[in-house]
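Note that this is a predicted model, so its numbers are computed, not measured. Only this structure's heavy atoms are used, side chains among them; waters, hydrogens and symmetry mates stay out.
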Number of protein chains: 2
Amino acid sequence: MGTAISVFEPIKNNRTFEEVSTRIKKMIFDGVFKPGDKLPPETQLAKQFDVGRQSVREALRILEISGFITITKGGGGGSIIKDTISNTISSLFLDAFHLKKMSLEELTVARVEIEKVVLNHAIDNADESDFKRLKNNVAITKKKIANNLIVLDENIQFHQLIARASKNHLFIIVIEAITTAVRHSMTQLRPDANLTAEGVGYSDQVLQSKNALGYHEAILNAMLDKNRQLATEMLEKHLLEVKSRLQTLVDRDT
Amino acid sequence: MGTAISVFEPIKNNRTFEEVSTRIKKMIFDGVFKPGDKLPPETQLAKQFDVGRQSVREALRILEISGFITITKGGGGGSIIKDTISNTISSLFLDAFHLKKMSLEELTVARVEIEKVVLNHAIDNADESDFKRLKNNVAITKKKIANNLIVLDENIQFHQLIARASKNHLFIIVIEAITTAVRHSMTQLRPDANLTAEGVGYSDQVLQSKNALGYHEAILNAMLDKNRQLATEMLEKHLLEVKSRLQTLVDRDT
DNA sequence: TCACATTTGTCCGTATGTATC
DNA sequence: AGATACATACGGACAAATGTG
């Protein structure tokens with residue numbers, strides 16, 4: 001069939017910039033360059049690889065949007081090794097949602113199922129530091145709500161912390177991608193969601209933040225009690241409510 | 001905390017090539033360019049956007065590795081709109097596995113859990129055409145094995161077809177990413193895996209292909225019977241055997 | 001087979017913007 | 001404020017690949 005998978009066939013690499021990017025990527029994998037290290041300037045890379053600057057630039061562009069390096073302008077700037085692959089994957093997920101016109105329903109169904117699985121693994125594998133981070137997250141959220149602030153990043157982070165507690169990198173990547181996509185939907189639908197200033201529907205959002213906090217606390221307590229069933233139940237309810245809230249925003253929007 | 005998520009802040013876009021790439025991306029989202037359409041040549045794009053060709057090239061590079069276009073050289077060539085985001089995500093998963101030194105154990109645990117969930121959704125949502133495709137896949141595999149050929153792509157495809165039957169795009173993306181990563185591991189560990197010529201361990205692989213086929217048939221039959229428990233059980237056994245096989249290759253390799 | 005046009009790929013020279021010291 | 005270092009950007013030129021007559 002024509003469903004060819006074209007991920008691992010860079011043998012025939014007649015484009016110089018690809019050759020350069022794979023060479024640098026290899027060096028990163030091999031530990032020649034570690035996170036925080038700075039790559040040589042473009043001109044120097046061009047000399048060392050004996051290619052033109054344009055080829056180097058396009059190679060760096062690839063590495064940048066693949067999540068291997070970040071680039072800063074100006075003196076002392078340059079290409080710094082930094083792993084941002086999770087962000088990159090999240091961006092691509094968003095693109096895919098957009099392109100395939102994925103529905104909120106579809107996204108939520110998958111999210112609920114996957115997060116339930118991850119939660120169960122988190123209950124098995126969470127250690128003291130995980131619980132500490134989760135408790136801390138809840139505490140910060142509580143404080144913000146007490147000051148009538150809207151909570152968004154902390155709520156997303158709660159779910160990512162659970163994934164982290166599962167100790168499984170694949171789970172972590174998938175959850176980060178999904179939650180980031182959800183966060184994006186929220187800020188898209190309500191651009192003021194991460195502002196602290198008062199506005200239309202502000203108190204409404206504070207209320208919903210409070211609601212989410214309740215669920216997060218319930219989930220955390222159930223995790224501490226190793227009560228799988230309760231934790232799973234709370235998570236499912238929570239995520240379905242999140243969906244409903246988003247759904248009303250979508251409906252109001254159109 | 002400093003865990004800033006930097007996915008959705010392209011408002012301040014002072015790099016022209018980024019501006020160009022987001023503009024073209026937007027046009028694709030808006031349907032101005034549809035899959036199969038060809039973008040104007042680089043020189044023309046440069047004129048129309050009133051930028052240099054270098055900026056256009058870097059923009060196209062971004063779109064290319066983001067999975068929006070494919071580029072071919074020569075007369076009649078150019079940038080063609082084509083959705084290859086799944087492949088791109090798979091590649092990034094592979095990079096992430098590599099970078100985070102994810103273990104086979106870790107990958108398999110997550111794979112089993114996620115595929116089980118997807119399988120259950122597939123049982124609920126599969127229609128006649130899905131079953132047709134799955135049956136066809138099994139038939140082709142059987143034929144190949146009868147001719148003593150090694151099966152790889154069809155085996156991967158079987159799992160992707162199940163995901164497709166779930167009718168959930170998120171599941172499809174995740175499964176494609178994972179299975180592609182597994183496929184890559186196999187070809188990495190055994191470069192001759194997709195060759196038809198005889199070689200060391202060839203008959204061994206034919207045997208394992210036969211083994212996988214047995215499981216695939218069992219899973220498909222259980223799906224047809226709507227027997228969730230049996231289907232899930234077979235899938236889990238199957239994936240754990242795949243892991244064992246890969247593990248021995250890893251051990252032999254090091 | 002042989003040009004020929006088209007389009008990407010590559011290099012160079014030069015200039016500008018920007019951040020650091 | 002000035003010098004320095006670096007990415008960013010433009011334009012011109014030619015090479016290489018690919019399809020067409």
Side-chain angles (χ1 to χ4, degrees), chain A residues 6 9-25 27-28 33 36-82 84, chain B residues 4 6 9-25 27-28 33 35-82 84:
Chain A
S6 60
E9 44 200 55
I11 296 141
K12 195 180 177 69
N13 209 352
N14 55 359
R15 305 206 281 185
T16 334
F17 64 82
E18 273 186 351
E19 181 65 29
V20 171
S21 84
T22 53
R23 286 267 283 278
I24 296 177
K25 203 189 273 192
M27 286 194 268
I28 295 174
F33 294 116
D37 288 356
K38 194 155 70 175
L39 249 48
E42 289 175 355
T43 49
Q44 204 174 321
L45 282 173
K47 261 188 212 160
Q48 293 187 5
F49 284 120
D50 194 30
V51 296
R53 283 191 306 283
Q54 173 128 12
S55 298
V56 171
R57 280 187 65 77
E58 291 184 34
L60 292 179
R61 205 60 56 226
I62 291 178
L63 294 174
E64 186 186 24
I65 59 172
S66 294
F68 285 92
I69 63 172
T70 61
I71 300 174
T72 53
K73 288 189 285 203
S79 307
I80 290 163
I81 312 293
K82 193 177 169 190
T84 61
Chain B
S6 59
E9 45 200 54
I11 297 142
K12 197 180 177 70
N13 209 351
N14 53 0
R15 303 205 281 184
T16 40
F17 65 82
E18 272 186 351
E19 181 66 28
V20 172
S21 85
T22 53
R23 287 267 284 278
I24 296 176
K25 202 190 275 193
M27 285 193 268
I28 295 174
F33 295 114
D37 288 355
K38 193 154 69 175
L39 250 46
E42 291 173 355
T43 49
Q44 204 173 322
L45 282 173
K47 261 188 210 159
Q48 292 186 5
F49 284 120
D50 194 31
V51 296
R53 190 158 84 101
Q54 175 153 357
S55 298
V56 170
R57 280 187 63 77
E58 290 181 39
L60 292 178
R61 204 61 55 225
I62 291 178
L63 294 174
E64 186 186 26
I65 50 176
S66 294
F68 285 92
I69 63 172
T70 61
I71 300 174
T72 54
K73 242 170 61 164
S79 308
I80 289 162
I81 312 291
K82 193 176 170 192
T84 61

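- Looking at heavy-atom distances under 4.0 Å, A:T72 makes contact with sugar-phosphate atoms alone, never a base.
- Both A:K38 and B:G74 lie near DNA chain D, and the one whose nearest nucleotide falls closer to the 5' end is A:K38.
- When each of A:G52 and A:G76 is assigned the nucleotide of DNA chain C bearing its nearest heavy atom, the one mapping closer to the 5' terminus is A:G52.
- In plain terms, the two heavy atoms of B:A59 and B:F17 that are nearest each other are CB-O, 3.3 Å.
- Protein atom CD of A:E42 is 14 Å distant from nucleotide atom C1' of C:dT16, rounded to whole Å.
- The salt bridge (charged side-chain N to carboxylate O under 4.0 Å, His left out) pairs that include a residue from residues 66-81 of chain B number zero, where partners must be two or more places apart or lie in different chains.
- Distance, A:L60 CG to C:dT10 P: 14 Å, rounded to whole Å.
- In this structure, B:T16 reaches the D:dA9 phosphate: one of its side-chain N or O atoms is under 4.0 Å from OP1 or OP2.
- The nearest whole Å value for the distance from the CZ atom in A:R57 to the P atom in C:dT10 is 15 Å.
- Distance, B:Q54 CD to C:dC12 C1': 11 Å, rounded to whole Å.
- A salt bridge does not link A:R53 with A:E42: every distance from a Lys NZ or Arg NE/NH1/NH2 to an Asp or Glu carboxylate oxygen is 4.0 Å or more.
- Comparing C:dT10, D:dT8, C:dG13 by their closest approach to the side chain of A:R53 singles out C:dG13.
- Atoms CD1 (B:I71) and P (C:dT7) sit 14 Å apart, rounded to a whole Å.
- Protein atom CG of A:L45 is 16 Å distant from nucleotide atom C1' of C:dC11, rounded to whole Å.
- The side chain of A:V51 has C:dC11 as its nearest neighbour among C:dT8, C:dC11, C:dT18.
- In this structure, the CD atom of A:E58 is 7 Å from the P atom of C:dT10, given to the nearest Å.
- Atom pair A:E18:CD and C:dT8:C1' shows a separation of 13 Å (rounding to whole Å applied).
- Of the listed nucleotides (D:dA16, C:dT10, D:dA7), D:dA16 has the atom at the smallest distance from the side chain of B:K73.
- Salt bridge annotation for A:E58-A:R61: absent, with no cationic side-chain nitrogen under 4.0 angstrom from a carboxylate oxygen.
- You'll find the side chain of B:V20 stays beyond 4.5 Å of the side chain of B:L45, heavy atoms only.
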